[in-house]
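Each remark here refers to the structure printed beneath this line.
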Amino acid sequence: MKSIEVAAGIIWKEGRFLAAKRPKDKPRGGYWEFPGGKREAGESMIQALCRELREELAIDGVAASPWRVVTHDYGDMRVELHFMHVLAFTGEPEARDGQELRWVSPEEAQSLSFLPADEAVIADIRVPDWKREDALP
């Protein structure tokens, strides 16, 4: 079974986080998810997250805090998701991959159909304490 490591950003702005809806023509299309993507060889998880945020959303992470690692088996692949709270960023998110973007509160997220791997995170998500010392490289 294929196994991948994924960096996932919980990007906060004014008590809401950014949710992205996967395009229908992509694997697992129609589900909501946290922005991010696969870690490439030689990258740290923070580096992978920063690269993915630039590629997918045209933003640069400025401060982040690792939060939780979740492993999920989809049957055709196993994913290990490294969730990080993105506490500050520059730029305005753009949907570069054709995804729908929405700022949602933790309460609103409960009613959206998130990927199965994200469900436990959605159940526990809270607005984090802001820690500006967690600057990114």
Side-chain angles (χ1 to χ4, degrees):
M1 177 186 308
K2 184 178 178 180
S3 183
I4 61 171
E5 293 178 302
V6 173
I10 307 169
I11 304 164
W12 292 96
K13 181 178 177 182
E14 299 173 1
R16 295 178 178 276
F17 66 88
L18 190 63
K21 190 172 188 180
R22 296 179 64 79
K24 292 280 188 190
D25 62 337
K26 302 269 184 176
R28 295 171 183 80
Y31 280 102
W32 290 90
E33 66 179 351
F34 295 95
K38 292 180 242 178
R39 182 173 72 101
E40 293 180 357
E43 284 183 318
S44 70
M45 281 300 166
I46 291 285
Q47 290 169 330
L49 180 62
C50 289
R51 177 185 48 76
E52 288 286 346
L53 295 182
R54 277 191 301 280
E55 291 174 2
E56 288 184 14
L57 302 174
I59 64 173
D60 287 308
V62 174
S65 179
W67 183 48
R68 177 178 292 184
V69 177
V70 172
T71 302
H72 185 81
D73 182 355
Y74 278 107
D76 60 333
M77 85 167 108
R78 180 181 169 271
V79 294
E80 182 178 284
L81 293 136
H82 294 254
F83 290 94
M84 292 167 260
H85 288 286
V86 178
L87 308 174
F89 62 92
T90 59
E92 223 18 72
E94 299 174 19
R96 288 188 158 177
D97 286 340
Q99 71 275 47
E100 179 183 339
L101 300 176
R102 186 186 304 176
W103 292 103
V104 297
S105 69
E107 296 77 23
E108 290 169 315
Q110 306 293 323
S111 65
L112 297 177
S113 294
F114 271 80
L115 285 167
D118 295 344
E119 289 175 355
V121 171
I122 292 299
D124 292 341
I125 199 164
R126 303 286 181 272
V127 178
D129 292 331
W130 303 100
K131 296 180 183 175
R132 299 297 290 195
E133 70 272 10
D134 294 329
L136 296 175

Could you tell me which non-hydrogen atom of [X] sits nearest to which non-hydrogen atom of [Y], and how far apart they are?
{"X": "Leu101", "Y": "Ala95", "answer": "CD1-N, 3.7 Å"}
{"X": "Ala20", "Y": "Gln99", "answer": "CB-CG, 4.0 Å"}
{"X": "Ala117", "Y": "Val79", "answer": "CB-CG2, 4.2 Å"}
{"X": "Leu49", "Y": "Ala8", "answer": "CD1-C, 3.9 Å"}
{"X": "Pro106", "Y": "Gly15", "answer": "CD-O, 3.8 Å"}
{"X": "Ala48", "Y": "Ala7", "answer": "CB-CB, 4.1 Å"}

So His72 and Glu119, side chain to side chain contact (heavy atoms under 4.5 Å, CB included) or not? Walk me through it. CA-CA 10 Å; His72 185 81; Glu119 289 175 355; over 6 Å; no
Evaluation steps, side chain to side chain contact (heavy atoms under 4.5 Å, CB included), between Ile11 and Leu57: CA-CA 11 Å; Ile11 304 164; Leu57 302 174; 3.7 Å; yes
For Arg22 and Glu33, what are the C-alpha separation, side-chain angles and deciding distance, and is it a side chain to side chain contact (heavy atoms under 4.5 Å, CB included)? CA-CA 7 Å; Arg22 296 179 64 79; Glu33 66 179 351; 3.1 Å; yes
State which residues pass side-chain hydrogen bond (donor to acceptor under 3.5 Å, both in side chains) with Glu80; sequence neighbours excluded, sorted by chain then number.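 Glu80 satisfies side-chain hydrogen bond (donor to acceptor under 3.5 Å, both in side chains) with His82 only.
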Are [X] and [Y] side-chain neighbours, meaning at least one heavy-atom pair lies under 4.5 Å?
{"X": "Glu43", "Y": "Glu5", "result": "no"}
{"X": "Arg96", "Y": "Glu55", "result": "no"}
{"X": "Ile59", "Y": "Val86", "result": "no"}
{"X": "Ile122", "Y": "Gln110", "result": "yes"}
{"X": "Glu14", "Y": "Trp103", "result": "no"}
{"X": "Tyr74", "Y": "Leu115", "result": "yes"}
{"X": "Arg51", "Y": "Glu40", "result": "yes"}
{"X": "Pro23", "Y": "Asp97", "result": "no"}

Once rounded to the nearest 0.5 Å, what's the spacing between atom [atom1] of [X] and atom [atom2] of [Y]?
{"X": "Leu87", "Y": "Lys13", "atom1": "CG", "atom2": "NZ", "value": "15.5 Å"}
{"X": "Arg39", "Y": "Glu52", "atom1": "CZ", "atom2": "CD", "value": "12.5 Å"}
{"X": "Leu18", "Y": "Ile10", "atom1": "CG", "atom2": "CD1", "value": "11.5 Å"}

Which pairs, with at least one residue in residues 34-60 and sequence neighbours excluded, count as a ring-ring contact (aromatic ring centres under 6.0 Å, His included)?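 Every ring-ring contact (aromatic ring centres under 6.0 Å, His included) pair that includes a residue of residues 34-60, provided the two are not neighbours, is Phe17-Phe34, Phe34-Phe83, Phe34-Phe114.
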Does any pair with a residue in residues 47-67 pass ring-ring contact (aromatic ring centres under 6.0 Å, His included), and if so which ones, sequence neighbours excluded?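 Qualifying pairs: Trp67-His85.
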Carefully, step by step, assess Ile4 and Met77 under the rule side chain to side chain contact (heavy atoms under 4.5 Å, CB included). CA-CA 8 Å; Ile4 61 171; Met77 85 167 108; 3.7 Å; yes
I would like to know whether Asp124 and Arg68 meet salt bridge (Lys or Arg N to Asp or Glu O under 4.0 Å); could you show each step before the answer? CA-CA 11 Å; Asp124 292 341; Arg68 177 178 292 184; 2.9 Å; yes
Should the pair Lys2-Asp76 be classified as a salt bridge under the 4.0 Å nitrogen-to-oxygen rule?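 The answer is no: the pair does not qualify as a salt bridge.
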